[in-house]
Each structure stands twice: as structure tokens, then as C-alpha cells.
Amino acid sequence: MTDVLAPSVIRSMARGFSVFDLIKTAETMKASGQDASVELLYASWIQQNPDNPLLYAVLFNYSVVLSDLGKLQPARECLERAIALNADFMPPYINMGRLYERTGAIGMAVVQWSAVLSKLPQINGGGITYKTTALNQIARTLEATNEEESAEDMLRQSLEIDPRQREVAQHWLSLRQRQCKWPVVSPWDRVDQKTLMAGMSPLSAAAYTDDPMLHLAMAWNYNLLDVGTPPQAMDQWPLVEQKPVRLKIGYLCSDFREHALGHLLAEVLALHDRSAVEVHAYYCGPQASETDPLHGGFKETADHWVDVSLMDDAAAAQRIAADGIHILVDLNGYTREGRTKVIASRPAPVIVNWLGYPGTMGSPYHHYIVADEWIIPADSEKYYSEQVVRVPCYQPTNRKRKVSDKVYTRADAGLPEDKVVYCCFNGSHKITRFTFDRWLTVLGMVPDSVLWLLGSTEVNDKRLIDHAAQRGISADRIIIAAKLPNPEHLARYPLADLFLDTTPYGAHTTASDALWMGVPVLTYSGRSFASRVCGSLLQAAGLPELVATTEDEFLDKAVELGRDQAALQALRDRLKANRDTCTLFSPQILIAELEQHYRRMWQAHVNGTLPQPDLRNLDVYLDVGSSVKHEELEIQTLDDYEGWWREQLQKRHRFRPIPPDNRLFQG
């Protein structure tokens with residue numbers, strides 16, 4: 001393409017440009033082939049801005065332009081000027097060496113590169129380790145004091161030095177999710193998208209994209225690299241009775257305490273039929289308070305209570321094996337205090353994934369996953385490494401949860417008396433740009449409404465409010481709820497008219513809390529486990545019409561209910577009438593069904609028909625799925641998800657053949 005702007009116009013443009021404007025305009029011209037205009041633009045700006053404090057950086061950019069045009073001597077002169085202005089700016093030395101190399105002056109090139117080495121402190125393996133360790137520790141400390149942006153910066157510096165730190169990448173991404181910094185996956189020159197995606201934890205991935213095939217691949221990758229292979233794994237369990245009168249069920253969990261999962265499990269151990277099941281609870285969490293009633297309740301209702309939190313992985317596995325456990329239930333999965341490395345040693349013949357982690361483990365040793373008909377439909381089983389077993393409703397609930405006697409008013413919460421109050425009390429890490437923009441669309445279509453959100457940090461809350469303002473929603477329509485103790489928090493729930501769910505990681509415990517308190521929840525179910533839990537809860541609570549399966553259906557229902565107080569009241573009345581009889585709040589039904597599954601699982605082991613996880617091609621699925629920019633394409637809205645995946649796989653297959661598997665690629 002020829003240059004289209006006259007030289008006089010370009011000189012005039014340069015006169016008023018900031019450095020940012022200059023670079024952006026030059027990039028645009030370069031992309032359209034206007035190389036001569038780019039050269040003139042830089043030359044004019046430099047001539048007109050001799051005292052700009054960033055002149056050294058502009059000179060460096062100009063030298064790149066000249067070098068690309070083959071004008072090596074002027075390019076070298078620009079670099080010399082840049083070095084004279086800022087001797088600590090390293091890129092000119094690197095490029096000067098390259099220019100000398102291009103002209104055959106190898107000795108001079110080495111001199112330039114040696115200058116870089118002399119200006120940097122000595123770098124060796126130990127030094128790098130010390131520096132990254134210090135940065136990571138600073139980040140951890142800053143995060144603990146809610147200085148999340150500073151913590152994020154420390155982690156980024158650490159990744160700059162060593163991009164291979166998977167744990168640091170996981171932490172950096174989870175911080176950005178919690179701060180609602182979009183895009184979350186934001187690569188830079190030292191760390192590309194695939195490196196970040198490969199480092200993302202499975203739990204963060206559940207909140208990042210509704211892509212169950214990618215979730216499986218990422219879980220497999222996490223298991224392979226972060227859990228690893230234990231020194232020894234058991235394949236015989238001599239202390240396990242083959243024909244027991246009662247099955248010994250072991251529950252391994254870090255959350256037998258005051259915790260969201262602890263509340264869900266509160267009645268589970270006590271509801272087991274002791275004529276059929278002997279309950280062993282293995283606690284692997286932090287030191288619990290002596291006054292924690294949940295922790296005390298678990299101790300009392302388990303037949304056997306063992307604290308393995310201070311045992312190493314091998315010792316904990318040996319203890320479980322010594323207890324002759326038939327079926328070990330992993331209640332944590334890939335969550336913070338989970339002990340997957342204990343489970344990797346296979347301390348029991350049968351291992352089950354249930355409740356704590358909303359998705360597949362992608363491991364070679366989890367045989368079963370507990371779900372229900374809604375969470376994992378039959379045609380979605382291909383996205384799970386475990387065999388699916390189904391109960392009426394996957395999530396138990398605590399019917400004895402404490403609710404404060406205080407009667408809250410809207411004035412107490414800073415809510416308007418005469419407007420529709422939409423709420424969402426999910427953690428901020430579940431709020432994606434797609435979800436938030438949908439909520440703002442609803443607010444725009446229901447002018448007499450506000451959105452009530454659970455508070456995060458002041459900076460994060462302001463970020464969401466500012467984003468809303470950019471979409472035309474005034475700050476007074478986003479109301480932040482201060483964090484309260486759980487009994488008080490539950491007591492204020494009824495101030496809301498309708499709970500709007502997040503996606504792809506929806507409300508789980510928060511949904512059952514809302515429904516228990518009589519607040520209807522509207523959800524948008526996708527294809528992944530975490531996105532479908534809330535839909536399961538609503539159906540079990542007798543409100544299936546509040547489960548949307550398309551974006552339009554979610555928006556239409558949210559607006560329709562926001563304009564119809566009578567319809568909202570009817571939903572509240574139905575929740576109240578059904579609360580004591582519906583499936584959701586009848587955990588005894590779930591536990592009885594679970595015990596039947598336990599018997600079938602044990603029989604499968606005895607018969608030698610225990611399911612074995614199929615982990616073929618998951619490296620390929622990880623590579624392909626990690627290349628997609630999920631924050632530009634909301635996978636949940638794709639009509640033909642499997643077709644879309646097969647198209648991506650075929651592209652890969654053309655240059656790197658893929659063997660057939662039983663999931664999405666048949667060759």
C-alpha cells in the first residue's frame with residue numbers, strides 16, 4: 001500500500017502527539033504498509049520534542065523502523081542517542097549489537113552485549129531462586145492484607161524472571177479473577193497465553209470458561225504436574241474385609257469446620273444408616289476453633305475421627321489403609337487444603353469424587369464422581385474421567401443453619417424501599433465480564449432496579465461500579481453489601497427480590513442459602529459442572545422455570561420478573577410452602593441413595609469391574625483449548641459446542657495427526 005498522507009499533514013500531526021499517540025498511530029500506519037509515513041512521523045516528532053523525558057524510548061522505536069528499512073547507519077545513530085540519554089535502558093545495547101552483527105562487526109556486537117551484562121547484577125540459579133522466592137513471599141503477605149494489586153505486581157515480576165513457575169501463574173490468575181480484572185488472562189512479551197493457561201488451576205478454570213472438555217484436560221494436566229506421582233501406590237489392601245457386614249466409608253476433608261462446605265455437610269455423617277455403613281472422618285484442615293460448633297458436630301457424629309492434618313502424605317495414606325477403608329470419598333478435590341497426594345497413593349480400593357470440587361479430577365485413581373441428571377446429562381459423560389453416579393440432587397444442605405433473629409430493613413442495608421432489588425452474593429472471582437454485562441443489560445431494561453453485591457475490597461468494588469458507569473448505569477444503582485457473620489448475612493437475604501446467578505461458575509452454597517431464606521434464584525446453566533449446580537438446586541426446590549439455558553432466556557426472565565412483583569411473590573410463596581418437603585432440603589434422600597451406590601461400587605471392585613479412567617489425548621485437548629481466547633468468545637453461547645471443538649481438532653490433525661479417542665475425535 002502506498003502512503004496516503006502528505007508530508008505536511010504528518011508533520012502537523014506529530015506536533016500535537018503524546019508518546020502514546022505517536023506509537024499507536026505509527027503502529028496503525030505500519031499495519032497498512034505506510035512505511036515512509038511512519039519514518040517521517042517519528043523524525044518529525046523527535047525534531048519537535050527534544051526535551052521529552054521519554055525521548056530515549058522514542059529514539060529506540062525509530063531505530064527499529066530505520067533498521068527495518070535497511071537504514072543501518074541512521075538506526076545506529078538513534079541508538080547511540082538513546083544510550084546517551086538513558087544509559088540504564090537496556091534494549092538499545094541489544095539492538096546495537098544486532099546492527100554490528102549484521103555488518104559483520106562481531107567484536108563490536110559482543111562489546112555491546114557485554115555492556116548489558118556489566119550493568120546487571122550477577123545472575124545465577126541461586127540468585128534467581130532467591131529473588132523469585134522473595135517476590136512470591138511479599139505477594140503472599142500483601143494479599144493477606146488485601147493489597148491485591150501490589151501482590152499481583154509482585155507475582156508478575158516473579159513470572160518475568162521465571163515464567164515456568166506454575167504455582168505463581170495460578171496465583172496471579174486467581175488474583176486477577178478476584179479483582180474482576182478483565183481480561184484475566186493477559187499475556188505479555190515474557191509470558192504468553194499458553195503459558196498462563198497451562199498454569200491456571202482447575203478451580204480457576206471453572207470460573208473462567210464454560211468449556212468442560214478443556215476443564216478435563218486442565219484437571220489432567222494439574223494432576224500430572226502439580227500432584228505428580230507418589231513414591232509408592234497401593235494395589236493391595238490386606239486389611240480390607242472382602243465381605244463386610246458394614247462398608248467402611250472414609251470421608252477425607254479439610255472443611256469439617258465453619259466453612260461453606262462444612263455447612264453443606266453438616267448433617268451428612270449423622271444421616272448414614274449405621275447398620276450398613278461405618279463412617280470414618282479424616283480431617284486435613286487448619287486448626288479449628290474449640291468453639292466451632294460445626295467442627296464439634298462432625299467429631300460427635302463420625303464413628304471414627306482422625307486428624308491427619310499434621311501427618312505427611314505417606315503417613316496419612318497408611319493410616320487410612322490401616323483402618324481398612326472400603327471406599328474413600330474425596331470431599332476436597334482441587335481446592336486449597338485438599339490432600340490429593342494422599343489419595344494418589346490409593347489408600348482404599350475405591351475412590352470417589354464428591355461435593356467439594358465442582359468438576360472432574362482428571363486423575364488415574366478417582367473411579368467415580370457423584371452428580372445428578374441435570375449436572376451431568378448422559379451426553380456429557382465424555383467430559384469426565386470418572387464414571388458418573390447419580391443421586392436425586394447432588395448437593396446436601398444444612399437444615400439446622402443458624403439465622404439471626406434480627407429483622408433487617410432495606411434502610412439497614414442502604415437499599416431503596418421502592419425499587420426492585422436484584423442481588424448476587426457469590427464471590428467476586430465468579431463475576432466475569434460476560435456475566436456483569438448481562439446484569440447491566442437487565443438494569444438498563446428495568447430502570448426502577450438496583451444490583452446488590454457482596455463487598456470485596458474497596459478498589460475491586462469501585463472497579464465494578466466504574467465499569468457499570470461506562471455502560472450507562474449510575475453508581476447509585478450498584479449497592480455493596482458489607483460482609484457480616486453468616487447468621488446475620490442469612491437474615492438479610494429476604495431484602496432482595498431476585499438472586500441473579502453468575503456463570504460459568506454459579507451459586508452453590510449461596511444458592512441453597514438464598515432458597516432456604518425464600519429468595520428466588522435465576523440461573524443460566526451451561527455445559528460444565530460448576531455452571532449446572534444451581535440449575536440442579538432449583539429443580540430440586542421445585543422452581544425449574546428459573547433455569548435458563550440460553551442467554552436470551554436468562555435476560556428475558558430477569559426482566560420479566562423485575563417488572564412483575566406478583567410473579568416474584570408467587571415464587572416466594574412456593575419456596576416457603578415446599579421448603580420442608582422438597583428434595584433439596586431432604587438430605588436423607590440423598591444419603592440413602594448414596595449408600596446404595598456405595599454398595600454397587602464395592603461389588604464392582606469385588607467383581608473386578610471397577611471403572612478405569614480414560615486419559616487419552618488430553619494433552620492434545622489442553623493444547624487446542626488453551627489457544628482459544630475465551631474472554632473474546634463466550635463458549636457457553638455456542639449452539640454447536642461439539643462441532644466447534646471437532647473443527648479445532650481437525651485443524652490440529654492436518655499438521656499433527658491425532659489418534660482417535662472416545663470423546664470428540666474419531667479421526
Side-chain angles (χ1 to χ4, degrees), residues 255 259-272 294 331 354-358 369-377 388-403 423-426 486 489-491 493-494 496-503 505-526 529-549 557 561 568-597:
D255 300 324
H259 185 277
L261 182 58
H263 280 280
L264 293 181
L265 291 166
E267 295 189 64
V268 167
L269 304 189
L271 287 171
H272 272 299
L294 277 177
L331 289 170
W354 180 42
L355 198 61
Y357 170 68
I369 183 171
V370 179
D372 55 46
E373 293 289 349
W374 182 258
I375 293 176
I376 306 181
V388 180
V389 296
R390 296 180 176 87
V391 291
C393 178
Y394 136 97
Q395 189 188 89
T397 190
N398 181 11
R399 296 169 295 184
K400 300 176 183 177
R401 49 167 70 78
K402 290 186 178 180
V403 180
C423 81
C424 183
F425 292 146
N426 291 348
N486 202 55
H489 175 56
L490 291 173
Y493 253 105
D497 292 300
L498 180 66
F499 187 118
L500 296 180
D501 197 14
T502 51
T503 193
Y505 199 138
H508 296 184
T509 308
T510 45
S512 61
D513 284 345
L515 296 170
W516 181 259
M517 297 307 301
V519 179
V521 179
L522 177 64
T523 194
Y524 174 15
S525 281
F529 195 112
S531 77
R532 297 180 69 83
V533 168
C534 189
S536 164
L537 305 186
L538 283 163
Q539 295 190 57
L543 297 177
E545 67 268 40
L546 294 185
V547 184
T549 55
K557 182 65 73 171
L561 289 172
L568 282 171
Q569 188 57 51
L571 292 170
R572 286 176 176 273
D573 292 342
R574 202 187 326 163
L575 274 175
K576 184 177 180 181
N578 293 344
R579 196 177 79 166
D580 294 333
T581 57
C582 69
T583 302
L584 177 59
F585 299 123
S586 301
Q588 70 277 11
I589 298 174
L590 161 62
I591 300 307
E593 185 72 23
L594 202 54
E595 288 175 356
Q596 292 185 36
H597 283 301

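Because the structure is a prediction, the values reported are computed rather than measured.
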**Q** Where the side chain of Trp374 meets the backbone of Leu537, is there a donor-acceptor pair that is under 3.5 Å apart?
**A** no

**Q** Below 3.5 Å, can you tabulate the donor-acceptor pairs from side chains in residues 578-585 to any protein atom, sequence neighbours excluded?
**A**
from: Asn578; atom 1: ND2; to: Arg574; atom 2: O; distance (Å): 3.4
from: Arg579; atom 1: NH1; to: Trp516; atom 2: O; distance (Å): 2.9
from: Thr581; atom 1: OG1; to: Asn578; atom 2: O; distance (Å): 3.4

**Q** Can you tell me how far the CG atom of Leu590 sits from the CD atom of Glu595, to the nearest 0.5 Å?
**A** 10.0 Å

**Q** Applying side-chain hydrogen bond (donor to acceptor under 3.5 Å, both in side chains), can you list everything that pairs with Gln596, at least two apart in sequence or on another chain?
**A** Arg600

**Q** With rounding to the nearest 0.5 Å, note down the distance linking CG in Leu269 to CG in Leu265.
**A** 7.0 Å

**Q** Taking side-chain hydrogen bond (donor to acceptor under 3.5 Å, both in side chains) as the definition, give me every residue that meets it alongside Asp573, ordered by chain and number, with sequence neighbours left out.
**A** Gln569

**Q** Taking ring pair (Phe, Tyr, Trp, His ring centres under 6.0 Å) as the test, write out the residues that go with Tyr357, two or more places apart.
**A** Tyr334

**Q** Residues in salt bridge (charged side-chain N to carboxylate O under 4.0 Å, His left out) with Arg390, at least two apart?
**A** Glu373, Glu381

**Q** So if I apply the side-chain contact (heavy atoms from CB on, under 4.5 Å) rule between Leu594 and each of Ile589, Val268, Val370, Val389, which one comes out positive?
**A** Val370

**Q** Test of understanding: with salt bridge (charged side-chain N to carboxylate O under 4.0 Å, His left out), list the residues that count as partners of Asp501, not counting sequence neighbours.
**A** none

**Q** Whether the side chain of Arg532 engages the backbone of Gly526 through a donor-acceptor N/O pair (distance < 3.5 Å, no angle test) should be reported.
**A** yes

**Q** Can you list everything that forms a side chain to side chain contact (heavy atoms under 4.5 Å, CB included) with His263? Sequence neighbours excluded, please.
**A** Glu258, Leu294, Asn398, Asn486

**Q** Between CG of Leu264 and CZ of Arg401, what distance do you get to the nearest 0.5 Å?
**A** 8.0 Å

**Q** Taking the six-membered ring for Trp, are Phe425 and Phe499 parallel (under 30°), tilted (30 to 60°) or perpendicular (over 60°)?
**A** perpendicular

**Q** Identify the two heavy atoms, one from Leu571 and one from Leu561, that lie closest to each other, and give their separation to 0.1 Å.
**A** CD1-CD2, 4.0 Å

**Q** What residues form a side-chain hydrogen bond (donor to acceptor under 3.5 Å, both in side chains) with His508, not counting sequence neighbours?
**A** none

**Q** Only counting residues at least two apart or in another chain, list the ones meeting side chain to side chain contact (heavy atoms under 4.5 Å, CB included) with Leu538.
**A** Leu515, Val521, Thr523, Cys534, Leu543, Leu546, Val547

**Q** Do you know which two heavy atoms are closest between Leu498 and Pro520, and how far apart they sit?
**A** CD1-O, 3.5 Å

**Q** When rounded to the nearest 0.5 angstrom, what distance separates CD in Gln539 from CD in Glu545?
**A** 10.0 Å

**Q** Which heavy atom in Pro358 sits nearest to a heavy atom in Phe529, and how many Å separate them?
**A** O-CB, 3.3 Å

**Q** Among all residues two or more places apart in sequence or in another chain, which pass the salt bridge (charged side-chain N to carboxylate O under 4.0 Å, His left out) test with Glu593?
**A** none

**Q** With sequence neighbours left out, write down each residue that passes side-chain hydrogen bond (donor to acceptor under 3.5 Å, both in side chains) with Asp372, or none if nothing qualifies.
**A** Ser536

**Q** Could you tell me which non-hydrogen atom of Arg572 sits nearest to which non-hydrogen atom of Val519, and how far apart they are?
**A** NH1-CG2, 4.4 Å

**Q** Residues in side chain to side chain contact (heavy atoms under 4.5 Å, CB included) with Gln588, at least two apart?
**A** Leu271, Arg399, Ser586

**Q** Grab the two heavy atoms, one from Ala491 and one from Met517, that are nearest each other, plus how far apart they are.
**A** CA-CE, 4.4 Å

**Q** Would you please test Asp255 and Leu331 for side-chain contact (heavy atoms from CB on, under 4.5 Å) and show each step?
**A** CA-CA 8 Å; Asp255 300 324; Leu331 289 170; over 6 Å; no

**Q** Between Ala541 and Leu575, what is the shortest heavy-atom contact and its length?
**A** CB-CD2, 4.3 Å

**Q** Decide yes or no for Val533 and Tyr505: does some side-chain heavy atom of the first lie under 4.5 Å from some side-chain heavy atom of the second?
**A** no

